[in-house]
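We name chains A, B, ... by the order of the sequence lines, and we start the count at 1 in each one.
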Amino acid sequence: MKLDEFFVTGEPMIYAAMVSIVVASLAILIGLTYFKKWGYLWREWLTTVDHKRIGVMYIIAALLMLFRGGVDALLMRAQLAVPENGLLDAQHYNEIFTTHGVVMILFMAMPFIIGLMNVVVPLQIGARDVAFPRLNAVSFWLFFAGAMLFNISFVIGGSPDAGWTAYFPLASLEFSPTVGNNFYSISLQIAGIGTLLTGVNFIVTILKMRAPGMKLMQMPMFTWSILITSVIIVFAFPVLTVALALMMFDRMFGGQFFTMANGGMDMLWANLFWVWGHPEVYIVILPAFGIYSEIIATFSKKNLYGYKSMVASMVVISLLSFVVWAHHFYTMGHGSMVNSVFSITTMAIAVPTGVKIFNWLFTLQKGRISFTTPMLYTLAFIPIFTIGGVTGVMLAMASADYQYHNTMFLVAHFHYVLIPGTVFAVIAGFHYWFPKVFGFRLNERLGKLAFWLITIFFNVTFLPLFFLGLNGMSRRMYTYSEGSGFGPLNMVASIGAVGLALGFVVLCYNIYWSFRYAPRENVNDPWGGGRTLEWATHSPVPEYNFARTPNVKGMDAYWHSKKENQPLFEGKIEPIHMPNNSGQPFILGVIFFFLGFFLVFSWWIPSIIAGIAVIIMLAARTFERDHGRHIPVKEIMEIEEKHGGELV
Amino acid sequence: MKINPNVPLEYGTEENSNRIFGFWIFLGAEIALFSTLFAVYFTLWNRSGSGPTASEIFELKGVLVETFLLLTSSFTCGLAIHAMRHGFKKATLVFFAITLLMGLGFLGVEITEFVTYVHDGATLSTSAFLSSLFVLLGTHGLHVTMGFLWGAAIMIQIKREGFTPDTTNKSFIFSLYWHFLDVVWIFIFSFVYLKGMM
């Protein structure tokens, strides 16, 4: 392969990106060396198995990817702002909407949620860590390796260009001859294994590691949502694993799964992809429902209305999520009978979702509502998400769908579901649990400013797309003629996108500002209305979470212990068993990154060497004997003393 | 390390008991994985294009040998765990050795079969049917290979350390994995080979 084929060439923007990547990497390397932070980085972060730190790393990665996906979005909106625009050519536009979709769903939404669940779930169930801390670190580094591998496709080899759905035959070697879709199949494969392991880890954690006395039907709603999400992950991700493997065989080893000749069947890909893809939608939305449930209860100072129906509706949604996949391709010719069945199952999902919406409204009713930043996002979510949901039911009607399939109407719909649903939720959860990890709250004024910018400009960006879609503008179109009349609304949407970006800039500035100037509160329950166990321990949370294991007697254990003045923590302090840090997960991630990279370019000898290195790492793990360490009572007392003396 | 004396040694610590439970859930994911591969195979098995069909390439002899080897190895794997529960180190090692050797034999026959297919012009890229066949069988074979390496590593550990919470836990989880591969093979034998030869 020649060097000019290896690097992406010929685009001034790409050259600028290369320069900025090199400059940023050099700045990080020099900065770490200058401030002598290499040892700190290795000891405290790269080798950590602490669920809170792993959660923080997930969230940092998600914010970086939000930036990357956001730049993609801005480029698309810039291209579409005026008719016949020449900013991006068709190929570049294809690559950008593909990477925007993949990055936002798999490398922004998922890790943000997994980050929050890492931080919060063990605290909410009164555990000291997840069931398998080392495996948790492996999950993170596999995700990170996959994300980085996907992102370098931007400058090396070329990005995938067949949409985030990578439909065949478009994604086949014949029609996408660059290595772009190899990056797609292999980087998603690596990240997907990490996610699957997270699912297994959290099922065991939630089912087996709850504090004594906490029954399943007394778990906080966020923990419930994560349990159900983890079950979906365990059953949906293997389908993606297979689909991506088959894609790899077709593209790199001459497989005939999705080809147009020799018996191959291109629709098989669409089915496999969406059998994973639709549950994936619920993997990112159910935790969001959990976050909103926590926030609404806390800031209404009421217990959650209809707890049991909340759990039941999530279980029903999780089951239905596996039987609706064909509604993503009604128009691809599977007949009216199949379309009707999938139409009905799809519309049925509106029922449990509606139950949840009403439960939130009833929780708000007669509550003493405080309008904090997380609460504002939650309150905005309800009406905006409902617009997304109702347009979803419109799309669910198979016969009507022929009218707006693959138009901007669809694009508007899923942004109306995913942004208020998932993005607002992770931002709300980020603000809500931030003081638990860092000991201080983000600035409320800046937080509210960001909220108003994001909410208003979100609508300015995406509402016009509904009308553009109904007027016939199809999605993934890199430009349009002036005569089509799409110009003005597109301009409005593009202005909205700039405002939305401004909102995210304020959000990031708020993080920076608060780190420098926000008052350090270091109180257990900074919002003053915490109900669940995470608010019972110190902020920031000590390494071992709880010096003594809490005794749970019912729902909302912390709230009731406060109200009824009953101690949550009893008994004497004993040495605490904790896992040791390990460099293995990080090294494994690095090896997987190189293995993936070599496979993308079909460099077999290096691939085999990297594969053997993976096996060596697995062997090192099975022969290792590491039983962790015990934190002695004296050290626990010192740490508790430092947190203000109030023993938990 | 707190060890509960009322349960078998491999379940003794909380961590180890969680490991076994976690592995069951992992096997759930494996079922989803193989189910998908079977679904792909059933979708494509009649679509042989210009290549050979199932009944033209399947031969019962090799498949019967494979089935015999793998099913027996599952039995000896059970015997190994039984011996482990009684604390018979040598018997455990012998039964594990037989298990792994049979696994190796299985792989030998499977590879020979693959070579024959390819030699007869039936390769991964011949038709959709053959692609799905090779990937389904190959995924199972890859699992057996990983199981062989894993089992061998565990045997070394038992030899070195005897029966500890670590080694018994690893052995037990390995046995779950090995039995699972056997179950998958029963489905392959019935629904790929027998159905294909009819």
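Shown here for A:Phe235 and B:Ala32, the closest heavy-atom pair between the two residues is O-CB, 3.9 Å. Here the closest non-hydrogen pair linking B:Glu14 and A:Met209 is OE2-SD, 4.0 Å.
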Query raised in the report: So B:Phe34 and A:Val242, side-chain contact (heavy atoms from CB on, under 4.5 Å) or not? Walk me through it.
Result: CA-CA 9 Å; B:Phe34 277 102; A:Val242 170; over 6 Å; no
Report task. Determine, step by step, whether A:Phe257 and B:Val135 satisfy the side-chain contact (heavy atoms from CB on, under 4.5 Å) criterion, reporting the C-alpha distance in whole Å, the side-chain angles of both residues, the deciding distance to 0.1 Å, and the verdict. Result -> CA-CA 10 Å; A:Phe257 292 101; B:Val135 170; 3.5 Å; yes
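With a 4.5 Å cut-off on non-hydrogen atoms, A:Ile233 does not touch chain B at all. Looking at A:Leu135, neither its backbone nor its side chain comes within 4.5 Å of chain B, counting heavy atoms on both sides. Interface residue B:Thr126: only backbone heavy atoms are found under 4.5 Å from chain A. Residue A:Leu240 does not touch chain B at all, counting heavy-atom pairs closer than 4.5 Å. If you measure heavy-atom distances from A:Phe132 to chain B, the contacts under 4.5 Å come from the side chain alone. B:Leu44 touches chain A through its side chain: at least one heavy atom from C-beta onward sits under 4.5 Å away, while N, CA, C and O do not.
Of the listed residues (A:Gly199, A:Pro238, A:Ala243, A:Ala131), the one with the most heavy-atom contacts under 4.5 Å to chain B is A:Pro238. Of the listed residues (A:Phe249, A:Phe623, A:Phe237), the greatest number of heavy-atom pairs within a distance under 4.5 Å of chain B belongs to A:Phe623. Heavy-atom pairs under 4.5 Å with chain A were tallied for B:Thr123, B:Leu37, B:Val40; the largest tally goes to B:Val40. With respect to chain B, the highest number of heavy-atom pairs below 4.5 Å among A:Ala619, A:Gly628, A:Gly255 belongs to A:Gly255.
For the atom pair A:His577 NE2 and B:Thr13 OG1, the distance stands at 9.5 Å (nearest 0.5 Å).
Checking side-chain atoms of B:Arg47 against main-chain N and O of A:Gly264 turns up a donor-acceptor pair under 3.5 Å. Side-chain N or O atoms of A:Gln256 include none that pairs as donor or acceptor with a backbone N or O of B:Ser131 at under 3.5 Å.
Residues of residues 17-25 of chain B lying under 4.5 angstrom from chain A, judged on non-hydrogen atoms, are B:Ser17, B:Asn18, B:Arg19, B:Phe21, B:Gly22, B:Ile25 by number.
Applying the side-chain hydrogen bond (donor to acceptor under 3.5 Å, both in side chains) definition to pairs two or more places apart or across chains, those involving residues 145-160 of chain B are A:Thr622-B:Gln157, A:Arg625-B:Gln157.
Counting non-hydrogen atoms of neighbouring residues, nucleotides and ligands closer than 6.0 angstrom, the CZ atom of B:Phe187 reaches no more than 12 such neighbours. The environment of CZ in B:Phe68 is sparse: at most 12 heavy-atom neighbours from other residues, nucleotides or ligands sit within 6.0 Å. Within a 6.0 Å radius of CD in B:Glu30, more than 12 heavy atoms belonging to other residues, nucleotides or ligands are found. No more than 12 heavy-atom neighbours from other residues, nucleotides or ligands sit within 6.0 angstrom of CD on B:Glu59. For B:Phe163, the CZ atom counts as densely surrounded, since its 6.0 Å shell holds more than 12 non-hydrogen atoms of other residues, nucleotides or ligands.
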